[in-house]
Amino acid sequence: MSKFRFFDLNPEQQDAASHEHGPLLILAGAGTGKTRTITARIAWLISQGVDPAKIMAVTFTNKAAREMKDRIAGMVDPDQAKAVTASTFHALCVRILRGDANRLGYKNNFSIFDEGDQTGLIKKVITRVCAKDEKIDHNLAKSLISKAKNSGLNASTDENSLAGAVYRRYQEELHSLNAMDFDDLLVQAVKLMEEHPEVRDKWRARIEQLMVDEFQDTNGLQLRMVGLLASGDPPNVCVVGDDDQSIYGWRGADVSNILEFERHFPNPKVIRLEQNYRSTNAILGAANRLIRNNPRRRGKNLWSPQQGGEPVRIIAVPDDRKEAEFIVEEIAAHRRSQNLPWEHFAIIYRMNAQSRLLEENLRKHKIPYRLVGGKSFFERREIKDIMAYMTALLNPSDDQSLLRIINTPPRGIGATTVELALSHSVEHRQSLYEALRHDLFLETCTRKAADAIKRFTDELEETRIRVSTPGAPIAEIISTLIENCDYMEDMKRTCKTPDEAMNREENVREMIRALDEYQKRSKDGLQGYLDEVSLDREREEDKAETALGVTLITMHAAKGLEFPHVHLIGVEDGFLPHDRSKAEGTVDEERRLFYVGITRAMKSLIITWCRARVKFGSPMHCLPSPFLQEIKGEHVEEETYEEIMSRPMGEEDIMAQFAKLRAQLSG
DNA sequence: AGGTGAGCATTTTTT
DNA sequence: ATGCTCACCT
């Protein structure tokens with residue numbers, strides 16, 4: 001290891017990067033160069049002769065996986081970098097399951113149900129299982145099911161309860177559709193490896209060094225998976241995380257995985273990364289003072305050699321409208337006086353709903369902004385349609401996909417016919433598709449309906465054969481399928497504006513184009529492409545890195561990001577420790593959430609709270625978050641809106657006033 | 001089918 | 001205030 005370049009790592013980072021065998025726990029505080037360290041470790045392992053193809057890095061997001069691969073590519077030989085696997089938990093599970101799901105009674109061509117598909121199926125199950133007067137809320141059922149799955153295979157299904165009945169029925173339905181939801185991918189992959197050690201061993205043999213990023217966000221199943229995949233004795237597993245940034249408990253993440261790492265992987269080497277390369281000491285001081293109020297933590301103190309910096313400001317403002325106005329003007333003045341790009345500013349809040357007032361004010365001032373998150377990008381009808389066509393081709397048992405496309409576009413197979421087919425399929429214990437191909441069924445239909453069905457299924461059959469021919473031009477074939485049924489025309493017909501039609505059409509074309517490119521770079525065909533699309537819903541805001549401006553983002557979504565100048569808004573009691581989390585007893589997690597927010601800031605941090613705000617339509621009195629008491633100390637200033645407004649104006653403020661006037665005149 | 005209105009709850013969302 | 005769901009209507 002003498003000759004290895006350590007890429008400017010500090011001593012602790014070097015220690016972590018050059019650990020060779022056995023469990024390693026890297027406690028990496030915010031901004032301490034975590035990614036740099038693990039990628040350097042990968043480079044180091046390769047330099048020590050570890051086969052890059054036997055290094056596996058598991059992340060939570062595709063973005064993180066891509067970033068890691070990119071960073072590695074900058075450190076080692078390109079071929080070696082390409083051989084390293086960086087994958088999300090879910091994508092890895094799909095790879096495992098595509099090989100051997102048949103051992104669990106699924107077919108290897110199972111469909112992946114996204115949240116929308118899942119909700120649809122749960123709703124259907126509820127109408128079947130529940131009496132009219134005691135319907136269980138489908139959102140509740142969904143979260144119950146998810147919790148049950150994530151907490152482990154043996155979780156009781158509540159034999160007698162209604163929720164238990166819904167769960168069991170839902171699972172049966174999924175199975176008969178040959179489909180898995182996101183949680184199932186984990187459940188089934190773990191089950192597969194636990195019940196079939198030879199499958200586990202096959203994967204273990206391919207993994208000599210296993211790394212897990214954001215370990216504080218793992219749930220029980222993911223922990224088990226790590227245990228199954230790690231090879232060596234003691235296992236060569238390196239996990240990286242920060243217990244203080246565990247903010248996904250409500251989604252099933254279990255902090256005890258990282259807190260009690262030693263229990264799962266005895267005698268690990270534990271390394272703390274505490275030197276922070278991101279923030280001023282003013283900001284770190286506030287963060288440290290806050291987080292030390294949490295019980296049950298490994299304990300860590302972020303420090304930085306750079307001195308104080310701008311004080312952290314806590315500002316009380318009269319109400320949420322004034323808050324939004326104030327912040328936007330503050331940003332405008334700040335960026336004007338120091339000639340900064342808008343991208344240096346972020347406004348971070350607890351709830352998406354809080355973005356609205358900010359957006360209004362930013363628009364009024366003609367300030368560019370990008371809103372991260374929200375739900376608007378998710379469900380694009382046309383994309384789901386095309387995916388349903390592809391899914392139905394690959395997995396004919398998937399009634400849901402088939403139902404989606406059977407009369408989209410309208411092809412003369414109406415609701416009545418579908419109902420008939422469905423009951424026929426239930427009676428004969430077939431899939432819907434089998435029923436449609438069944439002469440016995442076709443005879444019960446009208447001549448017209450039977451013809452329509454025949455045309456439809458024949459086309460699917462033919463396409464399936466063409467697609468499964470090795471080397472076939474898949475994108476072209478799918479494109480033809482869609483052309484032939486006039487999908488586009490029908491889709492455009494149902495659009496309200498020509499603009500919308502254009503947009504959707506472009507989405508479909510993009511989808512086909514992406515399929516074509518996928519085929520060029522991969523041998524996994526249509527199935528592989530569908531998996532990728534299902535598990536990697538590229539969010540537009542990530543893709544469009546060119547459209548920049550002030551960032552509006554929730555604290556959750558901000559984890560892992562950094563901004564020179566940060567505003568944390570709406571830091572009020574009942575809002576930041578959210579009332580709901582107080583009731584649920586998860587205030588610690590709220591404190592960590594605030595900690596995440598604070599540690600996003602590099603140079604300046606301004607925290608505001610409102611004395612009143614409009615809640616549920618009516619104005620309510622508010623108190624400051626109790627967390628604000630905790631961060632007070634050196635380099636933290638408290639002010640009020642009134643004090644700031646009554647201060648004599650400096651030149652900058654005058655300029656800002658002009659800017660405001662100008663904006664008002666033109667807006 | 002697809003649109004309209006009453007009724008209702010109202011955090012966060014990597015896959 | 002607002003957005004979403006479900007039931008009912010055209």
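Numbered from 1 within each chain, the chains take letters A, B, ... in sequence-line order.
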Could you tell me whether the phosphate oxygens of [N], OP1 or OP2, come under 4.0 Å of any side-chain nitrogen or oxygen in [X]?
| X | N | value |
| --- | --- | --- |
| A/Asn62 | B/dT14 | no |
| A/Asn352 | B/dT13 | yes |
| A/Ser534 | B/dT15 | no |
| A/Arg356 | C/dT2 | yes |
| A/His578 | B/dT10 | no |
| A/Arg580 | B/dT10 | yes |
| A/Lys123 | C/dC6 | yes |

Remember a base hit wins even if backbone is also touched, and classify A/Gln354 as base, sugar-phosphate or nothing at under 4.0 Å, heavy atoms.
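No contact at all - A/Gln354 keeps every heavy atom at 4.0 Å or more from the nucleic acid.
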In whole Å, what is the span from the [atom1] atom of [X] to the [atom2] atom of [N]?
| X | N | atom1 | atom2 | answer |
| --- | --- | --- | --- | --- |
| A/Met351 | C/dT2 | CE | P | 15 Å |
| A/Asn139 | C/dG3 | CG | P | 18 Å |
| A/Lys142 | B/dT15 | NZ | P | 15 Å |
| A/Phe616 | C/dC4 | CZ | P | 16 Å |
| A/Leu568 | B/dT12 | CG | P | 16 Å |
| A/Asp114 | B/dT14 | CG | P | 13 Å |
| A/Asp137 | B/dG7 | CG | P | 19 Å |
| A/Met555 | B/dT13 | CE | P | 12 Å |

Determine whether the aromatic ring centres of residues A/Trp250 and A/His578 are separated by less than 6.0 angstrom.
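No - the distance between ring centres of A/His578 and A/Trp250 does not fall below the 6.0 Å cut-off.
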Stacking between A/Tyr248 and B/dT12, defined as ring centres under 5.5 angstrom apart with planes under 30°, is that present or not?
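Check failed, A/Tyr248 does not stack on base of B/dT12.
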Side chain of [X]: nearest nucleotide among [options]?
| X | options | answer |
| --- | --- | --- |
| A/His138 | B/dT14, C/dT5, B/dT15 | C/dT5 |
| A/Trp250 | B/dA1, B/dT14, B/dT12 | B/dT12 |
| A/Thr554 | C/dA1, B/dT12, B/dA1 | B/dT12 |
| A/Thr88 | B/dT14, B/dT13, B/dT15 | B/dT15 |

Side-chain donor/acceptor of A/Arg98 to backbone N/O of A/Phe110, under 3.5 Å:
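The answer is yes, because a donor-acceptor pair under 3.5 Å joins these two groups.
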Verify, without hydrogens or angle tests, whether A/Asn178 (side chain) and A/Lys107 (backbone) share a donor-acceptor contact under 3.5 angstrom.
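Checking the backbone N and O of A/Lys107 against the side chain of A/Asn178, a donor-acceptor pair under 3.5 Å is found.
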Classify the side-chain pair A/Asn395/A/Ser111 by whether it contains a donor and acceptor separated by less than 3.5 Å.
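There is such a pair between these side chains.
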In terms of heavy-atom contacts, does CZ of A/Arg321 have more than 12 from other residues, nucleotides or ligands at under 6.0 Å?
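Count not over threshold, so no.
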Heavy atoms from other residues, nucleotides or ligands near NZ of A/Lys448 exceed 12 (cutoff 6.0 Å)
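Atom NZ in A/Lys448 is not packed in, count stays at 12 or less.
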Closer to the 5' end of DNA chain B via nearest nucleotide, is it A/Lys559 or A/Gly414?
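Per heavy-atom nearest nucleotide, the more 5' residue is A/Gly414.
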A/Leu593 vs A/Asn407, nearer the 5' end of DNA chain B by closest nucleotide
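Counting from the 5' end, the first nearest nucleotide belongs to A/Asn407.
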Whole-angstrom distance between B/dT14 and C/dG3, as gauged at atom C1':
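Their C1' atoms lie roughly 25 Å apart.
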